[in-house]
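These notes concern the structure reproduced below.
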Amino acid sequence: MRPGRIQEGSDVKIASADVVISSPGRNFVTLVLKTDDGLVGLGDATVNGRELAVASYLRDHVAPILIGRDAHAIEDTWQYLYRGAYWRRGPITMAAIAAVDVALWDLKAQAAGLPLYQILGGRSRNAIRAYGHAYGTDLDELTDSVRALLEQGFGAVRVQVSTPGIGGGYGVAEAGDGGYEPARGQRPVEEPFDPGRYVRSVPAMFDKLRNTFGPELDLLHDVHHRLTPIQAARLGKSLEGYAPYWLEDVSPAENQAALRLVRQHTTVPLATGETFNSVFDYLQLFADQSIDYVRSSVTHAGGITGLRRILDMAAVGQVKSAIHGPTDVSPVGLAAALHLDLALHNFGIQEFMQHVDLTFEVFDVGYSFANGYFQPGERPGLGVSLDARAAERFPYRAAYLPVGRLLDGTVHDW
Ligand code: GCO
Ligand code: MG
């Protein structure tokens, strides 16, 4: 046998690789792979605020070397794109690899005539529990927002409120803004933040919600990287009595050791990782047992193959999944998450920030949500199709994520 290229393999080849950039309600980047036997596989490649970088990585550097490859060789293709690029990891590279990976899993499951979760190990639970997003510019508005989610059947709710005296803030749409969409404007919006006022205000939010809704409702809160480790430790200690389901991204975790300090001071469960894209971003956190939930998305962590690797390592320390599911993960990325959610043993919860109706003029999905739970659906593959003609009606428009600044003007984590 000649050394080098794999001689054997399936006789199904990748015939084309196209990138569709469309903005039905918000920007999405979708990879469309077609095989020479006529199947179509989709992968989400959306990186909020940097969409065109991933589109170019795919169009200019990856698509040309995919044509003619064995469409069933998922692991070999993943390693070929990961190791073969030489320049490894990072959100752009891993989103591009993720899109190829998910499209190939979509194709493989379609070829088998099975929903993707069956290829990933079959059903490990009856349904996929989700949490919704509630927010308000004040506690009354937030309370109404929580109540609206309870009426939709959610039993777990992420709660975000503007910091008194500052207004706006992460996770909060201004009144009448038609829902929260952080990426907006031709230049980044600059959002003020004050750690002291914020840390002092969060207990009052939990107090109001616990007194209104009782102890059973799972309340999640996203700190969104904005505290130092000791500030995060103080926040966690101040919330112990309210039993949050988790505090998310309490402090920037590039320095993974930072969460050891937080862990020493609070038993509030910690979730992090939506900005992580590789198993190496988690190794210290798993070794230290300093997190309880992995937040990476399929779209940003190297696809089904990449995220499964992370979650299998997480399981060693009883760390559970909480796959990132904001509106900037497309319906293709959400569908991939749902199929993985159903098959995983160490599933925790699935984020569900609801896409706007316009999005579904481009994406037809097979998943469903009812009474707080998802089902990925029984269509072969991911169960999602993309209407390319409809996609053309929604041209890309630049939309930047906000930049945070402290009250003295210093740039701060947003
Ligand atoms: C979440 C995330 C999002 C991010 C967004 C950035 O928990 O869903 O923090 O709100 O800010 O995905 O594009
Ligand atoms: Mg988050």
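Everything quoted here is computed from the prediction, not taken from an experiment. Heavy-atom basis, side chains included; hydrogens, waters and symmetry copies ignored.
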For K237 and V268: C-alpha separation, side-chain torsions, deciding distance, then whether side-chain contact (heavy atoms from CB on, under 4.5 Å) applies. CA-CA 8 Å; K237 281 174 78 106; V268 171; over 6 Å; no
For E361 and D387, what are the C-alpha separation, side-chain angles and deciding distance, and is it a side-chain contact (heavy atoms from CB on, under 4.5 Å)? CA-CA 8 Å; E361 293 196 19; D387 181 336; over 6 Å; no
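- Between H61 and Y57, the ring-plane angle classifies as perpendicular under the 30° and 60° cut-offs.
- Other residues, nucleotides and ligands contribute more than 12 heavy atoms inside 6.0 Å of the OH atom of Y396.
- Between the T327 side chain and the M353 main chain, no donor and acceptor come within less than 3.5 Å of each other.
- Between the CE atom in M205 and the CG atom in L142 there is a gap of 6.5 Å [rounded to 0.5 Å].
- For the pair H339 (side chain) and L382 (backbone), a donor-acceptor distance under 3.5 Å is present.
- Side-chain N or O atoms of N277 include one that pairs as donor or acceptor with a backbone N or O of G90 at under 3.5 Å.
- A donor-acceptor pair is defined here as one N or O able to donate and one able to accept, closer than 3.5 Å; such a pair exists between the side chain of S201 and the backbone of Y198.
- A salt bridge is absent between K34 and D18; no separation between the charged side-chain nitrogens and carboxylate oxygens falls under 4.0 Å.
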Determine whether R200 and R234 satisfy the following criterion, side-chain contact (heavy atoms from CB on, under 4.5 Å), listing intermediate values before the conclusion. CA-CA 10 Å; R200 287 192 296 275; R234 180 173 161 212; 4.2 Å; yes
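- Under the 30°/60° scheme for interplanar angles, the aromatic rings of F360 and H355 are found to stand perpendicular.
- Checked by atom type and distance alone, the side chain of R405 never pairs as donor or acceptor with a backbone atom of E190 at under 3.5 Å.
- The 12-atom threshold is exceeded at CG of D60, counting heavy atoms of other residues, nucleotides or ligands nearer than 6.0 Å.
- Atoms CG and OG, from L139 and S145 in turn, are 12.0 Å apart once rounded to the nearest 0.5 Å.
- No side-chain donor-acceptor contact under 3.5 Å links T30 to the backbone of D44.
- Just one of F352, F374, W246 meets the ring-ring contact (aromatic ring centres under 6.0 Å, His included) condition when paired with Y131; it is W246.
- At least one cation-pi condition fails for R226 and Y170: the charged atom is not both under 6.0 angstrom from the six-membered ring centre and inside a 45 degree cone around its axis.
- Atom CG of N126 has 12 or fewer neighbouring heavy atoms from other residues, nucleotides or ligands inside a 6.0 Å radius.
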Working note: Q354 + H133, criterion side chain to side chain donor-acceptor pair (under 3.5 Å); need CA distance, chi angles, decisive distance, verdict. CA-CA 9 Å; Q354 305 176 46; H133 280 207; over 6 Å; no
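- Side-chain N/O atoms of D70 and S10 include a donor and acceptor closer than 3.5 Å.
- Remark: aromatic rings of W414 and H225 are distant, center separation not under 6.0 Å.
- Of the listed residues (I128, L116, V365, L340), just one forms a side chain to side chain contact (heavy atoms under 4.5 Å, CB included) with P376, and that residue is I128.
- No salt bridge links D222 with R295; every basic N to acidic carboxylate O contact stays at or beyond 4.0 Å.
- Heavy-atom contacts from other residues, nucleotides or ligands closer than 6.0 Å to CZ of F206 number more than 12.
- With rounding to the nearest 0.5 Å, the separation of OG1 in T275 from CG in D281 is 7.5 Å.
- Residue I310 holds its CD1 atom at 12.0 Å from OG of S321, rounded to the nearest 0.5 Å.
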Verdict with reasoning, R184 to E191, per salt bridge (Lys or Arg N to Asp or Glu O under 4.0 Å): CA-CA 12 Å; R184 56 194 186 279; E191 286 192 2; 3.4 Å; yes
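- Within the 4.5 Å cutoff, the side chain of L334 has heavy atoms near those of the Q350 side chain.
- Under a 4.0 Å N-O distance rule, the pair R129/D341 does not qualify as a salt bridge.
- Taking CG from D144 and CG from L149, the interatomic distance works out to 11.5 Å, rounded to the nearest 0.5 Å.
- In this structure a side-chain-to-backbone donor-acceptor pair under 3.5 Å is missing from R26 to S330.
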Assess whether side-chain contact (heavy atoms from CB on, under 4.5 Å) is satisfied between R83 and R88, documenting all intermediate values. CA-CA 7 Å; R83 298 173 192 278; R88 299 180 184 187; 3.8 Å; yes
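- Looking at V332 and F28, their side chains never come closer than 4.5 Å, going by heavy atoms from C-beta outward.
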Any chance you could lay out the side chain to side chain donor-acceptor pair (under 3.5 Å) test for E75 and T305, step after step, and finish with the verdict? CA-CA 7 Å; E75 184 64 35; T305 301; 4.8 Å; no
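- Residues P203 and L239 meet the side-chain proximity criterion, which asks for heavy atoms closer than 4.5 Å.
- Taking OH from Y82 and OG1 from T93, the interatomic distance works out to 9.5 Å, rounded to the nearest 0.5 Å.
- Between V279 and M313, some side-chain heavy-atom pair lies under the 4.5 Å cut-off.
- Looking at D106, its side chain does come within 3.5 Å of a backbone N or O of L42 through a donor-acceptor pair.
- A donor-acceptor contact closer than 3.5 angstrom is absent between the side chains of S290 and R263.
- A 4.5 Å side-chain heavy-atom check between L259 and Q284 finds every atom pair outside the cut-off.
- Side-chain atoms of T266 never come within 3.5 Å of backbone atoms of A233 as a donor-acceptor pair (strictly under, hydrogens ignored).
- Side chain of N27 to backbone of R397: a donor-acceptor contact under 3.5 angstrom is found.
- Taking the six-membered ring for Trp and thresholds of 30 and 60 degrees, F193 and H412 have nearly parallel ring planes, at less than 30 degrees apart.
- In this structure the side chain of I97 reaches within 4.5 angstrom of the side chain of W78, judged on heavy atoms.
- A donor atom on one side chain and an acceptor atom on the other are found under 3.5 Å apart for E378 and Y117.
- Proximity of T77 to L66: side-chain heavy atoms (C-beta onward) are separated by under 4.5 Å at one or more points.
- Salt bridge absent: D101 and R308 never bring a charged side-chain N and a carboxylate O closer than 4.0 Å.
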